[in-house]
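Some notes on the structure that comes next.
In listed order, ligands and their atoms are each counted from 1.
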Amino acid sequence: MEKLQLWLLVLAGFSGAVTQTDLHGKVFVFPKASGTAHVILKPRLEQPLRNVTVCLRFGCDLTRAYSLFSYATKAKDNDILLFKPKPGELSLYIGGELVTFKVPERTGTSAGWVHICASWESATGIAELWVNGSPLPRKGLKKGYSVGAKGVLVLGQEQDTPGGGFDVNQSFVGEITDVYMWDTLLSPDKVSLVMNNGVLPHLILDWTTLSYETKDYVVIKPSLLPVY
Ligand SMILES: *[C@@H]1O[C@H](CO)[C@@H](O)[C@H](O)[C@H]1NC(C)=O
Ligand SMILES: *[C@@H]1O[C@H](CO)[C@@H](O)[C@H](O)[C@H]1NC(C)=O
Ligand SMILES: [Ca+2]
């Protein structure tokens with residue numbers, strides 16, 4: 001029995017493949033709740049971060065809590081975390097602290113799909129959250145802090161240790177696409193550009209040259225969204 005389990009673990013370890021790919025027009029589908037399925041992204045991050053912006057587009061109809069973007073270092077498991085505690089709220093964690101924004105939920109033809117950009121500036125601690133291109137009133141946290149450089153970046157699960165400590169009840173079920181990260185803040189016109197798939201420099205993470213590794217049940221599919 002133990003031998004079989006070990007063998008299954010070995011197989012699971014080989015199921016993911018590291019690749020660098022242009023994922024334009026593609027999505028990661030997380031088809032069902034799981035304590036294991038996730039994607040590890042490899043950011044180009046050598047220095048601690050004092051300015052950071054993360055943008056992504058996601059489709060999800062969960063009403064429980066779930067993780068959208070989890071960056072964990074040895075020092076702080078929630079060094080950068082975008083977390084949906086419940087409908088109508090979105091939390092940004094920096095260095096283990098959080099601010100929670102009240103977010104409008106989408107209705108109508110594109111119900112369930114949201115584009116978000118979250119940014120944080122160490123010098124002021126100011127955190128911004130943009131939902132479908134509109135800025136929410138700003139908040140502040142972790143003034144003077146630096147986000148660590150050697151972390152693990154995961155989609156689909158919330159990390160409590162780098163690369164692990166997942167909780168099935170915080171797993172993501174749905175689709176994620178257009179994931180980008182910069183070591184700068186974005187002006188309003190830049191956020192609009194990104195939402196419409198424009199390209200900006202200073203990328204730490206680029207959906208069009210993405211280094212990633214999928215683990216367990218995650219499927220890459222062409223996007224079904226209309227051209228945006
Ligand atoms: C962070 O951004 C501010 C502008 O918001 C800039 O003045 C500062 O030099 C940046 N710091 C780093 C380390 O990039
Ligand atoms: C997940 O939630 C279910 C239902 O609330 C609960 O029974 C279960 O113990 C939870 N699992 C974990 C790992 O927290
Ligand atoms: Ca955590």
Do the side-chain N and O atoms of Asp79 and Tyr145 include a donor-acceptor pair separated by under 3.5 angstrom?
-> yes
Between Gln170 and Ser67, does any side-chain donor sit less than 3.5 Å from a side-chain acceptor?
-> no
Could you give me a count of protein N/O/S atoms that are under 3.0 Å from the Ca ion (ligand 3)?
-> 6
Is the number of heavy atoms from other residues, nucleotides or ligands within 6.0 Å of CG (Asp61) greater than 12?
-> no
Min side-chain heavy-atom separation Thr209-Asp206 under 4.5 Å = yes
So how far is it from Glu158 CD to Ser171 OG, rounded to the nearest 0.5 Å?
-> 11.0 Å
Say you draw a straight line from OG1 of Thr100 to CG of Leu90; how long is it, rounded to the nearest 0.5 Å?
-> 8.5 Å
To the nearest 0.5 Å, how far apart are CD1 in Ile204 and CZ in Arg44?
-> 10.0 Å
Between CG on residue Leu92 and CG on residue Leu98, distance to nearest 0.5 Å = 8.5 Å
Under 3.5 Å: N/O of Arg50 near N/O of ligand 1 = no
Considering only heavy atoms of Leu185, which atoms of ligand 1 have at least one such atom less than 4.0 Å away?
-> 5 (O)
Do Val173 and Arg64 come within less than 4.5 Å of each other through their side chains, counting heavy atoms only?
-> yes
Backbone or side chain, does any N or O of Asp183 fall under 3.5 Å from an N or O of ligand 1?
-> no
Here the salt bridge (charged side-chain N to carboxylate O under 4.0 Å, His left out) pairs for residues 113-133, sequence neighbours left out, are Glu128-Arg138
Pair up each side-chain donor or acceptor in residues 26-34 with any protein partner under 3.5 Å, not counting sequence neighbours, and list the distances.
{"residue": "Ser34", "atom": "OG", "partner": "Thr36", "partner atom": "N", "Å": "2.8"}
{"residue": "Ser34", "atom": "OG", "partner": "Thr36", "partner atom": "OG1", "Å": "3.2"}
{"residue": "Ser34", "atom": "OG", "partner": "Ala37", "partner atom": "N", "Å": "2.7"}

Ligand 2: protein residues within heavy-atom distance under 4.0 Å | Asp167, Asn169
